[in-house]
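Below is one structure, written out as C-alpha cells; comments come after it.
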2 protein chains.
Amino acid sequence: MDSESLAIFTSIFTELEIKKYDSFAKKGEFSKKIAFVESGILRAYFNNDRGEEYNKTFFTEGSFVGAYSSLVTGEQNLIDIDCLTDCVLYIAEFQDITQLYDKYPHIERSARILAEYLFVKKEKREIELVTLEAKERYAIFQKEHPNLEQLIPQYHIASYLGITPTQLSRIRSKN
Amino acid sequence: MDSESLAIFTSIFTELEIKKYDSFAKKGEFSKKIAFVESGILRAYFNNDRGEEYNKTFFTEGSFVGAYSSLVTGEQNLIDIDCLTDCVLYIAEFQDITQLYDKYPHIERSARILAEYLFVKKEKREIELVTLEAKERYAIFQKEHPNLEQLIPQYHIASYLGITPTQLSRIRSKN
DNA sequence: TTCATTTCTTTACATATGTAAATGTTTTTG
DNA sequence: CAAAAACATTTACATATGTAAAGAAATGAA
C-alpha cells in the first residue's frame, strides 16, 4: 500500500477495549465491523443444530478479526466471535473501508490480496482436515500457535481440532 | 465489470481441447494458466505422503479452473488437476490477467470479488467437513452436483467426501 | 459377443473417535 | 483458606470409518 492509502486506511480505526467472554460478532446479525487485534485472544466458532460448537479460528495479537463471510457477502452471519481473554482492538466499519476502493485502488488491491491469502489458508486447512488424523492436526496446531495452549482451555483446542475433549486427552496421554 | 474491461478480459482466452485423463496442472509446477470450462469435467486433487488422494474440487461446465493457490502466491503447486472427461476449455495466462489490474481496476475488482467468493465457499466446506458425518456430506454433494454422480466413478465421489469407496458403498446401501 | 479390466459391493476385522458418567485436578471466588 | 465451579482425565461401551480381500456387476476392447 502507498503511504497515502495507508494513512487514510489507518485513520478510520478507533481503539476499543473488550472484556473476556464479551461478544464481537453474533450469529444472525449482518456484520458491519472489522478490527485489528492489538492484544488478547478471540475465537470464531460455528454452532450446529445439535448445539455442538466448532472453533473455526483463533485470532491473536497482530491479526484482523471479523465475520469475513458476512462482511463480503452481506448475508447473515453464521458464526459467533467472542473474546477468550480481555482484548484491545482497533475497530472500523467495514463499509468505511470498501468505500475507499474507488478512490484508492491500492486499498482494494490489499483487499484482493488479503482475500486470496485467506483462501489459501482455508484450502490448507481443508486438506488437513480431510487427510490427517486428529493427532497430526494437533501437532500442526501446536506449531502454528506455540503459546496458545497455555492460555486457553483444552476443550477449545479440541473443538478447533474437530474432536471431543476426551479424544484430545487420549492423544495427549499417548505422547 | 464494464464492457471495455470485459472485452479486454475475454480477448485473452483461447480455445483448447483436452482429452480424458490429460493433465491441466501438475503438483510441483509453478502454475501459470487459468481456464473457463466450456464443456467437460475436471478434478483438483491432493496427494498425501501415503499416496492417498483427496478430491478437492470438481470443475464442470461454466466454472473457472486453475491451481488458484499457486497462481496467487507464486509458490509451487501442491495439487494436481486433470480431466475426468474430454473437455473444451478457454484458456489464458494468469499473468495476462493480473497485468490488466493497473489499467482496468474493474478487472482487479472482479478478482477481489472472486477471491472473496472462493473463500466463502471454502469456509462452508470446512464447516461441513468438521461438523457433518460423511452421510450428510454425501447428501450435500448430490444436491450441489445433481448430474455428476452418473458421470464419474463412485470412488472419485468417495474421495471428495473424504471417505473410502467401501464406506460410500455402505452409506448408499443404507438408503 | 466374449473376455479382460474396471468398478462396486460385501465381509470380517481393526482403529479412531464419540458418549456418558465417574473421578481427579486446577482455578476461581467468597 | 475453604468451598464451589470449571476443567481434565479416565473408564466402559458404542459407532463411524479404515483395511484387506473376495466376489459381483458393469464397462470396454478385441
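Keep in mind that what you see is a predicted model, and the values were worked out from it rather than measured. Each chain gets a letter, A, B and so on, in the order the sequences are listed, and its residues count up from 1.
- The distance from atom CG of B:L168 to atom P of C:dT9 is 7 Å, rounded to the nearest whole Å.
- For the pair B:E133 and B:K20, nearest-nucleotide mapping onto DNA chain D gives the more 5' position to B:E133.
- Comparing the local axis fitted to the first five base pairs of the helix from C:dT1-D:dA30 to C:dG30-D:dC1 with the one fitted to its last five gives a bend of 40°, rounded to 10°.
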After noting the C-alpha distance and the side-chain angles of A:K122 and A:E126, does the key distance pass the salt bridge (Lys or Arg N to Asp or Glu O under 4.0 Å) rule?
CA-CA 6 Å; A:K122 272 281 163 267; A:E126 173 193 2; over 6 Å; no
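- Side-chain contact annotation: B:D2 with B:Y104, donor-acceptor N/O pair under 3.5 Å absent.
- Scanning all heavy atoms of the two residues, the minimum distance from A:F24 to A:G66 falls at CE2-CA, 4.0 Å.
- Between the side chain of A:S63 and the main chain of A:F59, no donor-acceptor pair closer than 3.5 Å is present.
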Could you go step by step and tell me if B:K124 and B:E128 meet the salt bridge (Lys or Arg N to Asp or Glu O under 4.0 Å) rule?
CA-CA 6 Å; B:K124 175 171 181 287; B:E128 289 168 1; 2.8 Å; yes
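- DNA chain C is contacted by both B:H156 and B:T166; B:H156 maps to the nucleotide lying nearer its 5′ end (nearest heavy atom per residue).
- Reading DNA chain D from its 5' end, the first and the last nucleotide to sit under 4.0 Å from a heavy atom of chain A are D:dC7 to D:dA12.
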Under 3.5 Å, N/O pairs linking protein and nucleotides 5-7 of chain C:
from, atom 1, to, atom 2, distance (Å)
C:dT7, OP1, B:Y155, OH, 3.0
C:dT7, OP2, B:Y155, OH, 3.2

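- Between B:Q167 and A:E52, the residue anchored nearer the 5' end of DNA chain C, judged by the nucleotide with its closest heavy atom, is B:Q167.
- Within 6.0 Å of CD in A:E149 there are more than 12 heavy atoms belonging to other residues, nucleotides or ligands.
- Scanning for side-chain hydrogen bond (donor to acceptor under 3.5 Å, both in side chains) contacts around A:K19 gives an empty result, with sequence neighbours left out.
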Got a list of side-chain donor-acceptor pairs under 3.5 Å for residues 152-168 of chain B, not counting sequence neighbours?
from, atom 1, to, atom 2, distance (Å)
B:Q154, OE1, B:R172, NE, 2.9
B:S159, OG, B:E53, O, 3.3
B:S159, OG, B:N55, N, 2.7
B:T164, OG1, B:Q167, N, 3.2
B:Q167, OE1, B:R170, NH1, 2.5

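- Under the side-chain hydrogen bond (donor to acceptor under 3.5 Å, both in side chains) criterion, B:S69 pairs with A:E123, not counting sequence neighbours.
- Across all non-hydrogen atoms, the minimal contact from A:G62 to A:F36 is O-CE1, 3.5 Å.
- Dense packing is recorded around CZ of A:F94, with more than 12 heavy atoms of other residues, nucleotides or ligands lying under 6.0 Å away.
- Between C:dT9 and B:R172, a contact under 4.0 Å exists linking OP1 or OP2 to a side-chain N or O.
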